[in-house]
Amino acid sequence: EPPNLMPTLRPDWMSHVVVSHLIEESLMRLDPHRGVAVPELAASWSVDASQKKWTFHLQHGVLWHDDVPFTADDVVFTFQRISDPAVGASDRAIFSGASARALDPLTVELTLKAPLASPEIAFDRVLILARHRSPRGDLGESPDATAPIGTGPMRFVSWMRGAKIDLARWDHYWGPPSPLAELTFRFPPTYGRVLEALQEGEVDAVPRAPSDAIAAIESDPGLRARYDVVRAGGASYTAWVHNVASEKLGDPRVRRAIGLAVPRARLQCEIESCNVSIAKGPLPADHPAMAGVAAPRFDPLEAARDLEAAGVVDHDGDGVREWNGVPFSLRLIVPTTSSEQERIASVVSDELRKIGVKLEVMPLEWSQFRRAIEHHDFELAAIEWTIDSEPDLFPLFHSTALTGSLNYGAYSNPLVDRALEDLRRTDDDRVRSLHDAVAQLRDDEPYTFLFSPLIVAIVKKGALNVSPTPLGWDPRSFGWALK
């Protein structure tokens with residue numbers, strides 16, 4: 001269940017699934033099958049030679065879900081809000097220093113401080129907000145956080161906390177109408193309840209199916225007769241984020257030791273049911289910048305040597321290493337919704353114990369987990385990022401993205417900063433800049449990269465064109481309708 005329904009402030013996979021391109025829309029969006037930008041609220045656009053001045057020509061006749069006309073003022077308002085440091089928008093680092101102005105009611109000029117590394121991705125993420133819903137500009141007080149309105153093909157109806165969110169077709173939509181009259185997102189509290197819902201036929205699709213549910217479908221003839229397991233190439237990766245501001249994890253040798261203690265080849269099928277590949281970094285495995293990047297190794301002996309070199313030593317021979325005179329232990333937070341991450345952590349905990357490190361695993365409800373990573377209140381955190389063919393690494397790893405962005409581990413390295421800045425200034429030798437950034441990230445280990453999961457969904461037989469795409473689970477990319 002999402003913490004709120006305003007991804008602009010609190011980026012969350014589930015809030016994006018519910019809101020993005022269904023309730024609220026962007027100027028352009030990525031076609032999830034082709035990976036190219038297609039028009040949404042902007043009918044067309046142009047960009048000057050500097051790649052910094054964009055002109056958007058907006059669609060005619062668009063209404064908000066409360067029947068107020070959509071205009072250029074809404075676009076200007078949105079970019080003003082996300083670039084304001086006081087707002088704390090998740091994409092502030094991307095659009096920092098940007099200025100927007102309305103040239104007329106349906107034309108907007110946006111001037112950026114620097115070119116965007118991946119403009120299609122950046123603009124796809126910016127959901128346009130209704131200016132009249134936040135007249136004082138305070139998004140935190142906007143009713144859209146819990147009951148959003150937008151311009152999309154579906155409108156918000158209700159949210160029963162802990163249970164479901166209901167959407168309905170917006171009959172005055174400016175584009176092709178939604179093929180569904182209603183769409184309900186349900187939030188079972190446990191994986192056991194997911195299985196019960198499948199057994200009772202209460203759900204049509206489970207977009208990110210847990211391995212237990214997949215195994216149940218594939219082993220039960222009755223369930224197999226009603227549901228399909230759909231697999232597609234994944235566009236995401238799992239990792240453990242190291243809070244490098246923590247004294248225990250400030251030394252990269254300690255972080256590298258954690259990574260060397262992860263038996264990925266064993267976990268690949270033992271825990272992940274062979275539905276994953278080993279992640280080498282924050283880019284797709286087939287990206288040109290990943291050429292020559294080796295897979296992470298499992299080497300407990302080298303991990304032990306790194307710990308010794310970092311001063312994490314078992315002085316009294318009791319099998320537990322000490323640091324600053326006390327037993328060395330780390331705490332990993334994981335969302336309660338990720339049973340696989342908990343099982344992975346249990347195995348890695350055993351491996352770390354063998355080399356004298358105690359790992360405590362702390363499952364947190366999603367809202368608590370989200371709050372902890374946003375406030376850098378953790379040592380290790382298990383995360384999953386959904387990425388695309390050209391992910392922008394700036395919000396995750398640039399030193400200016402520590403507050404109000406996605407650099408949850410407070411990572412900072414001038415070499416990585418320079419590479420990421422170069423990507424925004426020019427397209428020249430883009431692959432080399434990305435490769436250099438990835439190589440430095442692997443050496444510094446701000447993330448312990450784990451796996452790139454396949455996208456595995458459970459879909460009721462008879463669903464029309466309902467399947468994951470290379471960019472993830474995007475309801476607007478397929479037909480939605482059921483026979």
Side-chain angles (χ1 to χ4, degrees), residues 1-2 5 12-23 31-33 152-160 162-170 176-236 272-276 337-340 366 384 386 453-483:
E1 184 175 28
L5 295 178
D12 169 90
W13 176 76
M14 195 67 233
S15 65
H16 272 293
V17 168
V18 174
V19 176
S20 297
H21 312 298
L22 286 175
I23 300 174
D31 180 306
H33 292 289
M154 306 207 79
R155 61 180 178 82
F156 173 85
V157 175
S158 65
W159 184 358
M160 184 183 297
K164 63 176 184 171
I165 293 173
D166 290 316
L167 309 184
R169 180 189 293 132
W170 170 233
S178 161
L180 283 183
E182 297 175 345
L183 182 60
T184 297
F185 295 90
R186 296 182 54 184
F187 310 107
T190 64
Y191 285 135
R193 186 66 192 96
V194 173
L195 290 174
E196 290 176 20
L198 290 167
Q199 289 162 350
E200 297 297 324
E202 297 174 354
V203 296
D204 296 312
V206 182
R208 287 191 175 184
S211 56
D212 293 347
I214 296 167
I217 296 291
E218 295 181 330
S219 63
D220 185 320
L223 287 174
R224 215 165 48 240
R226 285 183 286 154
Y227 290 96
D228 289 320
V229 175
V230 182
R231 291 177 171 88
S236 63
E272 295 285 6
S273 304
C274 300
N275 287 319
V276 299
T337 51
S338 181
S339 61
E340 286 92 348
W366 179 248
E384 178 173 348
T386 299
L454 290 173
I455 299 168
V456 186
I458 295 172
V459 181
K460 184 178 284 186
K461 290 182 185 294
L464 294 177
N465 198 25
V466 175
S467 66
T469 76
L471 294 184
W473 180 263
D474 178 357
R476 268 202 73 179
S477 68
F478 36 79
W480 322 343
L482 299 175
K483 290 181 181 177

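Throughout, numbering of the chain's residues begins at 1 and tracks the sequence.
Residues meeting the ring pair (Phe, Tyr, Trp, His ring centres under 6.0 Å) test with W159, sequence neighbours left out: none. With sequence neighbours excluded, the residues satisfying salt bridge (charged side-chain N to carboxylate O under 4.0 Å, His left out) with R186 are E202. By the side chain to side chain contact (heavy atoms under 4.5 Å, CB included) test, D220 is found to be paired with L223, residues two or more places apart in sequence or in another chain being considered.
One finds the CZ atom of F185 at 5.5 Å from the CE atom of M14 (value rounded to the nearest 0.5 Å). Here I217 contributes atom CD1 and R224 contributes atom CZ; the two are 9.5 Å apart, rounded to the nearest 0.5 Å. Once rounded to the nearest 0.5 Å, the distance linking CG of L183 with CG of L22 reads 6.5 Å. Rounding to the nearest 0.5 Å places OG of S219 at 11.5 Å from CD1 of I214. In this structure, Y227 OH and D204 CG are separated by 7.0 Å, a value rounded to the nearest 0.5 Å. Atom-to-atom distance recorded for D166:CG and K164:NZ is 4.0 Å, nearest 0.5 angstrom.
Nearest heavy atom pair, residue V18 against residue L5, reads CG1-CD2, 4.2 Å. Residues L198 and R226 share a closest heavy-atom pair of O-NH1, 3.7 Å. Nearest heavy atom pair, residue H21 against residue P153, reads O-CD, 3.6 Å.
Contact of the I458 side chain with the D228 side chain is not registered, since no non-hydrogen atoms from C-beta on lie closer than 4.5 Å. Under the 4.5 Å side-chain criterion, counting only non-hydrogen atoms from C-beta, I165 is in contact with F187.
More than 12 heavy atoms of other residues, nucleotides or ligands sit less than 6.0 Å from atom CD of Q199.
A donor-acceptor contact shorter than 3.5 Å is absent between the side chain of R169 and the backbone of M154. Remark: the backbone N or O of A168 is not paired with any side-chain donor or acceptor of R155 at under 3.5 angstrom. A distance-only check finds a donor-acceptor pair linking the side chain of K460 to the backbone of G201 [under 3.5 Å].
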